[in-house]
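Working notes, structure below.
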Amino acid sequence: MEDCLFCKIISREINSEIVHEDDICVAFKDINPRKRVHLLIVPKKHIAKISDIENGDEKIIGHLVKIAKELADQNNCKGYQLLFNVGKEAGQIIMHVHLHLMGN
């Protein structure tokens, strides 16, 4: 997607503090953190929202959760929240699936 902020971060057109990257996703620090650790884990495949996932995308979503757990461990989070906002009505601002990892 040409105008997608997260696609531009993934392609390095826009700078961000990337903390993880693999073949499936990128994770970077949220610019408005709500907790000590607040990361966004974003699939490289552009999927606008969770309600748009297709057959096979469950592997991507599962991978995001796995990476969130690994990043929580790396950041010594004693407890953490994982959050997907789905659609504008639920507070999704960027229309590209992203998993919030928020931990103490």
Side-chain angles (χ1 to χ4, degrees):
M1 298 293 293
E2 291 179 22
D3 293 331
C4 175
L5 176 66
F6 291 166
C7 287
K8 289 180 179 182
I9 290 172
I10 292 165
S11 69
R12 304 301 199 275
E13 293 175 54
I14 294 177
N15 289 329
S16 186
E17 195 170 344
I18 294 174
V19 298
H20 172 86
E21 182 171 14
D22 60 34
D23 292 344
I24 297 172
C25 70
V26 171
F28 49 89
K29 293 185 176 184
D30 192 295
I31 60 171
N32 295 308
R34 295 186 178 170
K35 301 275 186 177
R36 178 181 65 83
V37 174
H38 189 166
L39 304 174
L40 301 178
I41 304 154
V42 181
K44 289 184 173 179
K45 176 182 178 182
H46 183 91
I47 305 168
K49 52 192 185 289
I50 287 289
S51 57
D52 292 338
I53 64 172
E54 300 172 343
N55 287 335
D57 289 343
E58 67 276 4
K59 293 176 185 175
I60 295 171
I61 303 306
H63 184 75
L64 301 182
V65 173
K66 177 181 172 280
I67 296 302
K69 185 257 187 230
E70 292 175 5
L71 291 170
D73 290 346
Q74 288 172 19
N75 285 279
N76 300 311
C77 295
K78 294 179 182 177
Y80 55 92
Q81 296 171 297
L82 299 178
L83 173 68
F84 286 107
N85 292 318
V86 183
K88 290 179 183 178
E89 299 80 6
Q92 184 177 358
I93 298 169
I94 308 294
M95 290 300 132
H96 186 133
V97 165
H98 54 287
L99 176 60
H100 290 261
L101 164 61
M102 296 173 284
N104 296 318

Report yes if the distance between the aromatic ring centroids of His98 and His96 is under 6.0 Å, otherwise no. no
More than 12 foreign heavy atoms under 6.0 Å from CG of Asn15: is that the case here? no
Quick one: does any side-chain atom of Lys88 pair with a main-chain N or O of Met95 as donor and acceptor, under 3.5 Å? no
Test item: His100 and Asn85 side chains (from C-beta on) under 4.5 Å apart, heavy atoms: yes
Is the number of heavy atoms from other residues, nucleotides or ligands under 6.0 Å of Arg34 CZ greater than 12? no
In terms of heavy-atom contacts, Pro43 and Ile10 come closest through O-CD1, 3.4 Å
Check whether more than 12 heavy atoms from other residues, nucleotides or ligands sit under 6.0 Å from atom CD of Glu58, and answer yes or no. yes
Using every non-hydrogen atom in the two residues, find where His20 and Cys25 come nearest and quote the distance to one decimal. CD2-SG, 4.0 Å
Are Phe28 and Ile47 in one and the same hydrophobic cluster, where Ile, Leu, Val, Met, Phe, Trp and Tyr link if side-chain heavy atoms are under 4.5 Å apart? no
Just wondering, are more than 12 heavy atoms of other shown residues or ligands nearer than 6.0 Å to NZ in Lys35? no
To the nearest 0.5 angstrom, please state how far the CD1 atom of Ile14 sits from the CZ atom of Arg12. 12.5 Å
The reported gap from NZ in Lys69 to CD1 in Ile41 (rounded to nearest 0.5 angstrom) is 12.5 Å
Side-chain contact test, heavy atoms from C-beta onward, threshold under 4.5 Å: evaluate it for Val26 versus Phe6 and give yes or no. no
Under 4.5 Å between side-chain heavy atoms, hopping through other hydrophobics if needed: is there a path connecting Leu40 to Ile60? no
Indicate yes or no: at least one non-hydrogen side-chain atom of Lys45 is less than 4.5 angstrom from one of Glu54. yes
CD on Glu70 to CG on Asn75, rounded to 0.5 Å: 12.0 Å
Heavy-atom pair of closest approach, residues Cys77 and Gly103: SG-CA, 3.9 Å
Decide yes or no for Val37 and Tyr80: does some side-chain heavy atom of the first lie under 4.5 Å from some side-chain heavy atom of the second? no
Are Leu101 and Ile50 connected in a single hydrophobic cluster, I mean Ile/Leu/Val/Met/Phe/Trp/Tyr linked by side-chain heavy atoms less than 4.5 Å apart? yes
Are Val42 and Ile9 close enough that some pair of their side-chain heavy atoms sits under 4.5 Å apart? no
Test your reading of the model: is there a side-chain donor-acceptor pair from Asp22 to the backbone of Ile24, 3.5 Å cut-off? yes
Between His46 and Cys7, what is the shortest heavy-atom contact and its length? ND1-SG, 3.4 Å
Taking the side chain as everything from C-beta on, heavy atoms only, tell me whether Ile61 gets closer than 4.5 Å to Val97. yes
Do Leu99 and Leu83 have side chains that approach each other closer than 4.5 Å (heavy atoms only, starting at C-beta)? no
Approximate separation, where rounding is to 0.5 Å, of Lys29 NZ and Ile18 CD1: 12.5 Å
Determine whether Ile31 and Ile93 fall in the same hydrophobic cluster, where Ile, Leu, Val, Met, Phe, Trp and Tyr are linked whenever their side-chain heavy atoms lie under 4.5 Å apart. no
Point-to-point distance, once rounded to the nearest 0.5 Å, from CG of Leu39 to CG of Asp30: 8.5 Å
Starting from Ile94, can I reach Phe84 by hopping between I/L/V/M/F/W/Y residues whose side chains sit under 4.5 Å apart? no
CG of Asp57 to CG of Leu64: how many Å apart, nearest 0.5 Å? 10.0 Å
